[in-house]
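Here's the structure, in structure tokens; my notes come after.
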Amino acid sequence: MTQDTHPPIKAVPVRHYGRWLAALAVALLAYQIFSALVRSPNLEPDIIADYLFKDFVLEGVRTTLLLTAIAMVLGTAGGVLLAVMRLSANPVLRFTAAAFVWFFRGTPLLVQIVFFGFLGALLPRLTITVPFTDIAIFDQPTNAVMVGIVPAVLALSLNEMAYAAEIVRGGILAVDSGQTEAAHALGMKPALTMRRIILPQAMRVIAPPMGNEVITMLKSTALVSVIAGRDLMTAVQTVYAQNYKVIPLLAVAAIWYLAMVSVLSLAQYFVERRFGRGHQATQRGGMFR
Amino acid sequence: MTAMIKAENVRKSFGNLEVLRGIDLQVAPGEVSCLLGPSGSGKSTFLRCVNHLESVTAGQLWVDGELVGYRRRGDRLFELREREIAHRRRDIGMVFQRFNLFPHLTALGNITEAPVNVLKEPRAAARERAMQLLERVGLADKADAYPAMLSGGQQQRVAIARALAMRPKLMLFDEPTSALDPELVGEVLDVMRGLAEDGMTMMVVTHEMGFAREVADTVVFMDAGVVVESGTPDQVLGDPQHDRTRAFLAKVL
């Protein structure tokens with residue numbers, strides 16, 4: 001090479017005064033909040049530390065995670081089913097899916113949770129009969145079925161199905177119609193096309209909002225405390241109702257929720273990367289480089 | 001001998017717009033037929049009717065002696081189920097203008113997808129055959145590449161290999177080189193020329209006059225939803241009988 005080497009440019013960098021101002025403002029604000037917390041007589045850090053790993057708290061964390069997992073699995077499965085129904089050529093299925101989404105998105109989650117908690121008041125017995133006969137396939141008192149976490153799981157999953165359905169539907173519609181044509185031209189039936197070609201591609205669009213859904217769900221489980229859902233929130237409420245250590249116990253719950261959400265956020269990053277295969281734009285860049 | 005494609009008065013409307021206005025044509029087994037004509041003349045629509053990606057509005061269309069989209073019992077026609085339509089499409093390969101490779105699968109995965117999941121071929125056998133096909137289109141070293149990592153010409157050659165993996169008796173090409181950079185057109189046409197030499201029955205919608213002249217057995221010139229004239233390349237391209245054909249050729253040649 002005969003090219004002569006050029007010396008690197010020496011120039012005075014731009015001064016970012018705005019950054020220093022912002023740092024100062026944030027530091028002052030943080031100091032104010034921190035000192036206010038330290039001076040508060042009710043935060044009681046030693047009590048927080050004491051309760052953080054108590055058995056009833058850990059049991060509540062386990063139930064919260066279990067509720068989140070079951071509700072998301074059922075919610076996602078139901079959501080995919082509803083989305084496919086919604087996009088089906090069959091008008092009955094299309095209408096049914098639309099009506100389901102309309103109802104479960106149209107009423108507050110809290111109302112649905114309380115409703116399932118008191119289902120026994122509406123329907124004293126749950127009965128399934130052979131149509132047009134009195135022969136019962138299933139017949140139980142409602143309160144014998146709706147035990148433990150069952151009403152909470154039902155309410156959370158059905159609600160999640162409605163939201164997941166919309167997310168999945170959006171993901172399916174985002175896949176180019178040429179993909180369906182190519183699959184059909186290869187002799188693939190509609191169901192196979194959906195499973196092998198469309199849904200895997202839709203996942204790239206579906207994964208980020210579904211990750212948010214998992215995080216939202218984890219926090220929404222706190223709502224089931226209104227029907228004593230045995231979750232983390234129920235656990236701390238039960239204890240502070242007796243010992244009045246409201247603030248420290250809420251702080252314990254907040255710390256756990258924050259920790260669980262942080263882990264989920266990390267998992268979300270890896271899931272999104274997995275479904276971005278074949279798309280260079282999503283593989284380049286990112287948080288850890 | 002049964003015609004591979006036979007069309008009788010095929011019509012197709014989208015709402016009030018009649019795109020095909022009575023197409024009659026035949027393609028014999030082993031024949032390479034090129035559809036030429038200005039855009040909007042209905043060439044692509046007709047091609048898509050052949051494997052029932054579009055359904056014809058009137059007239060009848062047969063592929064290898066079987067009515068497309070319907071079953072005749074007595075004097076009544078019955079619409080085919082999705083399952084039956086899918087079954088008939090197995091034998092008809094199609095190559096699209098925009099390739100339509102599956103972006104989440106590698107080149108090899110694109111080719112083995114349908115043989116494994118539709119024909120239920122053993123995975124190992126399908127892979128072996130896919131490698132042979134990649135070899136044939138000159139892309140054996142790209143087996144593990146995702147479509148986004150391939151050039152347009154390479155993607156289109158993978159798409160041809162993908163269609164061939166189903167061992168089709170008929171190949172449809174819908175403007176296979178129109179989305180390619182000019183320097184990449186040749187590599188795709190070479191693969192198609194090789195296919196024609198091996199005796200594949202092909203229907204090709206194209207604007208590549210050189211390819212039509214050299215490879216086609218029959219050239220069909222379409223305009224405004226009808227076949228204006230058809231014949232050998234020498235007849236249609238060398239000595240066109242209709243003003244519309246002459247006007248079109250004057251612009252493209």
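Keep in mind that what you see is a predicted model, and the values were worked out from it rather than measured. Labels below follow one simple rule: chain letters A, B, ... track the order of the sequence lines, proteins then strands, and each chain is numbered from 1.
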Could you look at B:Leu172 and say if it's the side chain, the backbone, both or neither that has a heavy atom under 4.5 Å from chain A? neither
Atom CZ of B:Arg81: over 12 foreign heavy atoms under 6.0 Å: no
Under a 4.5 Å heavy-atom cut-off, does chain B meet the side chain of A:Ala191, its backbone, both or neither? neither
Which heavy atom of A:Gln179 sits nearest a heavy atom of B:Leu101, and at what distance? NE2-O, 2.8 Å
When heavy-atom pairs shorter than 4.5 Å are enumerated against chain A, which of B:Arg88, B:Arg98, B:Arg48 gives the highest number? B:Arg48
Heavy-atom distances under 4.5 Å only: say whether B:Ile92 touches chain A with side chain, backbone, both or neither. backbone
Flag yes if more than 12 heavy atoms outside A:Asp134 fall under 6.0 Å of its CG atom; otherwise flag no. no
Closest contact, heavy atoms only, A:Leu186 versus B:Met166: O-CE, 3.2 Å
Inspect the contact between A:Arg196 and B:Glu113 and indicate whether a charged nitrogen and a carboxylate oxygen are less than 4.0 angstrom apart. yes
If you take all heavy atoms of A:Ala185 and B:Phe96, which pair is closest and at what distance? CB-CZ, 4.0 Å
Has A:Lys189 got more than 12 heavy atoms of other residues, nucleotides or ligands less than 6.0 Å from its NZ? no
B:Glu135 atom CD: more than 12 heavy-atom contacts under 6.0 Å: no
Out of curiosity, A:Arg195 CZ to B:Asn117 CG, how far, rounded to the nearest 0.5 Å? 6.5 Å
Check step by step if side chain to side chain contact (heavy atoms under 4.5 Å, CB included) holds for A:Ile197 and B:His104. CA-CA 8 Å; A:Ile197 306 300; B:His104 60 302; 4.3 Å; yes
Output the distance between atom CD1 (A:Ile198) and atom CZ (B:Phe102), rounded to the nearest 0.5 Å. 8.0 Å
What's the separation between atom CD in B:Glu54 and atom CD in A:Glu181, rounded to the nearest 0.5 Å? 7.5 Å
Taken to the nearest 0.5 Å, the spacing of A:His184 NE2 from B:Met94 CE works out to 13.5 Å
B:Arg129 atom CZ: more than 12 heavy-atom contacts under 6.0 Å: yes
Got more than 12 heavy atoms from elsewhere within 6.0 Å of CD, B:Glu128? no
Do other residues, nucleotides or ligands put more than 12 heavy atoms under 6.0 Å from the CD atom of B:Glu79? no
One option among B:Leu105, B:Leu53, B:Ile85, B:Asn51 has the most heavy-atom pairs under 4.5 Å with chain A, and it is B:Leu53
Which bit of B:Arg162 comes within less than 4.5 Å of chain A, counting heavy atoms only: side chain, backbone, both or neither? both
